[in-house]
Visitor: 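Just passing along the structure, written as structure tokens.
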There are 2 protein chains.
Amino acid sequence: MYEGIVQELIDELGHLPGIGPKSAQRIAFHIVQTESLDVSRLAEILMHVHEKVQFCEVCGNVSEQSRCNICRDPRRDAASICVVEEAKDVVAIERTREFRGLYHVLGGAISPINGVGADSLRMRELMQRLADDTVTEIIIATNPNLEGEATAAYLSRLLHPFELTVTRLASGLPVGGDLEYADEVTLGRAFEGRRRVSA
Amino acid sequence: MYEGIVQELIDELGHLPGIGPKSAQRIAFHIVQTESLDVSRLAEILMHVHEKVQFCEVCGNVSEQSRCNICRDPRRDAASICVVEEAKDVVAIERTREFRGLYHVLGGAISPINGVGADSLRMRELMQRLADDTVTEIIIATNPNLEGEATAAYLSRLLHPFELTVTRLASGLPVGGDLEYADEVTLGRAFEGRRRVSA
């Protein structure tokens, strides 16, 4: 509908996840109407993002060096590894400030429908990290959905021969939520995982 | 939270309209994980969009030449001008295939709160287009909201001395909508603008 480059911009923006044709159009017009300085900043970052970003050789997190910030930090507890699906999950857990150990990013979850098997995830790399007996606890923090649960089950079987504490994040009611609106599976898990209240 | 360029990318994406921190993060990870070819395509378009895009010297629509596609098209009816707020509105009207005349983009609507007066809109340029008596009809297609209605009222007073048919787009019930859910102002307008049904 638009002439040349404006339409190209709308098309390219429309390929990004979560951006439909209306949003793409709104963003394109915003870009056309703003200062060219801001736009060229974004363009420059896009140009160099693939050169600069690599994945940490230890944990698989996004990084600008061969080892990520967390793996390089000597204050982190090397005895405990939290296994997550994606690098995004590392940041989500870091925000809680509850965990001071290291991470391991699998790069997804087992999903036969999408053709993702255990061998396409970074399972072998995790086993290699267990070789020197530093690690004593593995926290499996895959998503509490079908794929995440399957991955957690597979992983716990794989970790069984090692002398390790293997834990899974608790499922239950979200904080600030309403009992009435919780689905039956979540509510069932909350019952199952109930804890004694200290008086 | 992220290292260097990934965080910069998230920040820059977060400045775009309609993109919150979660969306920015999702898009950034999508970009990091896709082929660098697609990303450099977007980067290149962003680099050149400000050089290539200009505004049509006649109607103010976005264009890659000094006159836009519509103004250059000899098949369009030069006797009729549709006045809109933004270039986006031109495309919205073009999609209906109901109008074969020319356009005039005001570049906004009168809004004292946002400091937009009539003199910062392209009103004078519209008056200049009326000088040679080619134009016989002006269709005011500003948005049916407070600012758009104020602009339409101002414009119709301005156009009064000319010998022109000045019309305003009809307000009423949206097609496919439900009478029950229509607000009272819209329903009132639908009554006001009711039309005789031919038997």
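In what follows, every heavy atom counts, from backbone to side chain, and hydrogens, waters and symmetry copies are set aside. So that the names make sense, note that chain A is the first sequence line, chain B the second, and so on, each numbered from 1.
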Visitor: Identify the heavy atoms of A:H30 and B:H15 that sit nearest to each other, and give their distance.
Guide: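 The answer is NE2-O, 4.1 Å.
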Visitor: Is A:H48 close to chain B through its backbone or its side chain, or both, or neither, when contacts mean heavy atoms under 4.5 Å?
Guide: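 Both backbone and side chain.
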Visitor: Same cluster for A:I140 and A:L158 if Ile/Leu/Val/Met/Phe/Trp/Tyr side chains link at under 4.5 Å?
Guide: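 Result: yes, single cluster for both.
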Visitor: Who wins among A:V62, A:V53, A:N69, A:I31 for the most heavy-atom pairs under 4.5 Å with chain B?
Guide: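 With the most close heavy-atom pairs to chain B, the winner is A:N69.
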Visitor: Of all the residues in residues 86-124 of chain B, which have a heavy atom that comes within less than 4.5 Å of a heavy atom in chain A?
Guide: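 Against chain A, the residues of residues 86-124 of chain B that fall inside the cut-off (heavy atoms, under 4.5 Å) are B:E86, B:A87, B:K88, B:V91, B:E94, B:R95.
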Visitor: Quick check: closest heavy atoms across A:G18 and B:R26, and the distance to 0.1 Å?
Guide: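 Residues A:G18 and B:R26, closest heavy atoms: CA-NH1, 3.9 Å.
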Visitor: Tell me whether B:I81 shares a hydrophobic cluster with B:Y154, the cluster being built from Ile, Leu, Val, Met, Phe, Trp, Tyr side chains joined at under 4.5 Å.
Guide: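 Looking at the clustering, B:Y154 is in the same group as B:I81.
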Visitor: In Å, rounded to the nearest 0.5 Å, how long is the span from CD1 of A:I19 to CG of B:L13?
Guide: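 Rounded to the nearest 0.5 Å, the CD1-CG separation comes out at 8.0 Å.
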Visitor: In terms of hydrophobic clusters joined by side-chain contacts under 4.5 Å, are A:M127 and A:V58 together?
Guide: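 A:M127 and A:V58: separate clusters.
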Visitor: Find the distance between CG (A:L42) and CD (B:E12) and round it off to the nearest 0.5 Å.
Guide: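 The CG atom of A:L42 sits 6.0 Å away from the CD atom of B:E12.
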Visitor: Can a donor-acceptor pair be found, under 3.5 Å and without considering hydrogens, that links the side chain of B:E64 to the backbone of A:I5?
Guide: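 It does hold such a pair.
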Visitor: Are A:I10 and B:F55 connected into the same hydrophobic cluster when the rule is that any two of I, L, V, M, F, W, Y join if their side-chain heavy atoms are below 4.5 Å apart?
Guide: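 Yes.
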Visitor: Report the option among B:V6, B:V32, B:N61 that has the most heavy-atom pairs separated by less than 4.5 Å from atoms of chain A.
Guide: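 Ranked by contacts with chain A, first place is B:V32.
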Visitor: How long is the straight-line distance from CG of B:L9 back to CD of A:E44, given to the nearest 0.5 Å?
Guide: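 So the CD of A:E44 and the CG of B:L9 are separated by 12.5 Å.
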Visitor: In terms of heavy-atom pairs under 4.5 Å with chain A, which of B:S63, B:P17, B:C68 leads?
Guide: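 Looking at each option in turn, the highest pair count goes to B:P17.
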Visitor: For chain A, which residues from residues 179-186 of chain B lie under 4.5 Å away (heavy-atom distances)?
Guide: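 So far as heavy atoms go, nothing in residues 179-186 of chain B approaches chain A to under 4.5 Å.
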Visitor: Which of the residues B:R41, B:K52, B:Q65 is involved in the greatest number of heavy-atom pairs with chain A at under 4.5 angstrom?
Guide: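 Highest number of heavy-atom pairs under 4.5 Å: B:R41.
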Visitor: Would you name the heavy atoms of B:V39 and A:L46 that are closest together and state the gap between them?
Guide: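 So the minimum-distance heavy-atom pair works out to CG1-O, 3.5 Å.
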Visitor: Less than 4.5 Å to any heavy atom of chain A: does that hold for the side chain of B:S23, its backbone, both, or neither?
Guide: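 Neither; nothing under 4.5 Å.
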Visitor: Looking at B:H50 and A:T34, would you say the former's side chain and the latter's main chain have a donor-acceptor pair under 3.5 Å?
Guide: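 Such a contact is found between B:H50 side chain and A:T34 backbone.
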Visitor: In this structure, are over 12 heavy atoms from other groups packed under 6.0 Å from B:D133 atom CG?
Guide: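 Count not over threshold, so no.
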